Amino acid sequence: MAISNGGQYEKLTLPESVEKWVNDVWRGIDAKLSCVAPRVRGKIPYSAKDGVFDDKSAWPLVWTNGFWPGMMWLMYAATGKKLYADCALEAQSATEKALKHYEYLSHDVGFLFDITNCAHYRLTGDEHSKQIALLAANTLAGRFKLAGNYIRSWDGKWKEYETNGISIIDCMMNLPLLYRASEITNDRRYRDIAKAHADTAMQYHVRADGSVNHIIEFDDEGEYLRSLPGQGYGIMENAWSRGQAWGIYGFILSYIHTKEQRYLDTAKRIAHYFVANLYDECIPVSDFRAPDKPVLYDTSAAAIAACGLIEIARAVPKLEKKMYLTWAIKILKELTNRFASLEDNKDNILEGGCEMYDSMVQLPLIYADFYYVEAFSKLMGFDILMW
Ligand code: GLY
């Protein structure tokens, strides 16, 4: 296996005290994951109970099954430790089998195969992983609907709704697999599809005030019909914080891959709405437009948004960087102080995730851990841009 090549992206200049703190947290993350990784072997975690990861490696596939191996690749890229690569390979090979079960593959093939096989190929040149990544990219591209210019998110029914004409904001995070496929094959089809979807999302998912509709629906001719409440509080005008976070990180990633200014502007607009809703707490509630009680936090939204804010800080001119970086650091400090455990007696890092507002449950989520670790790898300058 080739040597890892983390550190390809700009390391942001941090205030001295923050630099020291980031270093300390990073050392804690690496120490913890070095102990946790061997005992997770054979499992693909989604959540944890009493500090012990569960296992979602059995069929059917879960959209989150890329995050554990993805986190292992991220740690391998940053440290070069073979343990992390071995754990990544084992967990991703369990997920690869899913590509044979075509009928269960939604747009989440991006989440599943970008930070796993595609990252593996980028890090080591592995041909098998390249083929898996391209197969996944073709599956995603095949979901594009010409009538409406969007990628269909799901199949079957979601709650009482048919999903034939549905796009969800989360798909912005699946687009980087298409950008990578164009890079790998030198074929612009994938990139064109990604941009067409991003433009539709910009028009219909993002509202004028910077808040985001989670789910939108088109009719068979591609005409916009309506938005649906999705995973946020049960009103059409809700503002599900993880949806806002997918929007921030997703649009800045489209900017990074295309350099189209409108995607940067959109990421900034959503970010402004997001941070304006954090108040003193710095941790988002599950929906910014839910009643004050009960208080349901979502640490996954916090960690995803922190990654997006760091990327915006990298992308904007020098005098604009401070605001985005300051907010990313505020969020990460609050996550670390109130919700994180870097002790190795617990498998998960973060508590306080929320799958959807209606669940009324706070729990550890593997994707909250992934984005928390990713945000610190960016601040350390170890990043390969996993997406
Ligand atoms: N992509 C599904 C979720 O964010 O819950």
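Note that ligands are numbered from 1 as they come in the structure, with each ligand's atoms numbered from 1 the same way. Hydrogens, waters and symmetry mates play no part in the numbers below; they use all other heavy atoms, side chains included. In this text, all values refer to a predicted model and were calculated from it rather than measured experimentally.
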Next item on the list: Go through ligand 1 atom by atom and flag the ones less than 4.0 Å from a non-hydrogen atom of Trp246.
Entry: 4 (O)
Check: Glu355 to ligand 1: N or O pair under 3.5 Å?
Finding: no
Check: With only distance considered, is Gln231 within less than 3.5 Å of ligand 1 through an N or O on each side?
Finding: yes
Item checked: Check: His107 ring centre within less than 6.0 Å of Phe144 ring centre -> no
Note to self: Given the ring of Tyr161, does Lys157 sit roughly above its face, with NZ or CZ under 6.0 Å from the centre of the six-membered ring and within 45° of the axis?
What the structure shows: no
Next item on the list: Answer with side chain, backbone, both or neither: which part of Met356 has a heavy atom less than 4.0 angstrom from an atom of ligand 1?
Entry: neither
Check: Out of His107, His214, Arg242, whose heavy atom sits nearest atom 3 (C) of ligand 1?
Finding: Arg242
Check: So is Lys43 actually on top of Trp68's ring, under 6.0 Å and inside 45° of the axis?
Finding: no
Checklist line | CA sep, side-chain torsions, deciding dist, call: Lys321, Leu325, side chain to side chain contact (heavy atoms under 4.5 Å, CB included) | finding: CA-CA 6 Å; Lys321 290 183 190 295; Leu325 185 58; 5.5 Å; no
Next item on the list: Give a yes/no verdict on a cation-pi contact between Arg338 and Tyr297, requiring under 6.0 Å between NZ or CZ and the six-membered ring centre and an angle within 45° of the axis.
Entry: yes
Notebook entry, point to check: Looking at Phe113, Tyr367, Trp154, which one forms a ring-ring contact (aromatic ring centres under 6.0 Å, His included) with Trp63?
Noted result: Tyr367
Next item on the list: May I ask you to check whether Asp108 has an N/O atom sitting below 3.5 Å from an N/O atom of ligand 1?
Entry: no
Note to self: List ligand 1 atoms under 4.0 Å from Asp170, heavy atoms only on the residue side.
What the structure shows: 1 (N), 2 (C), 3 (C), 4 (O)
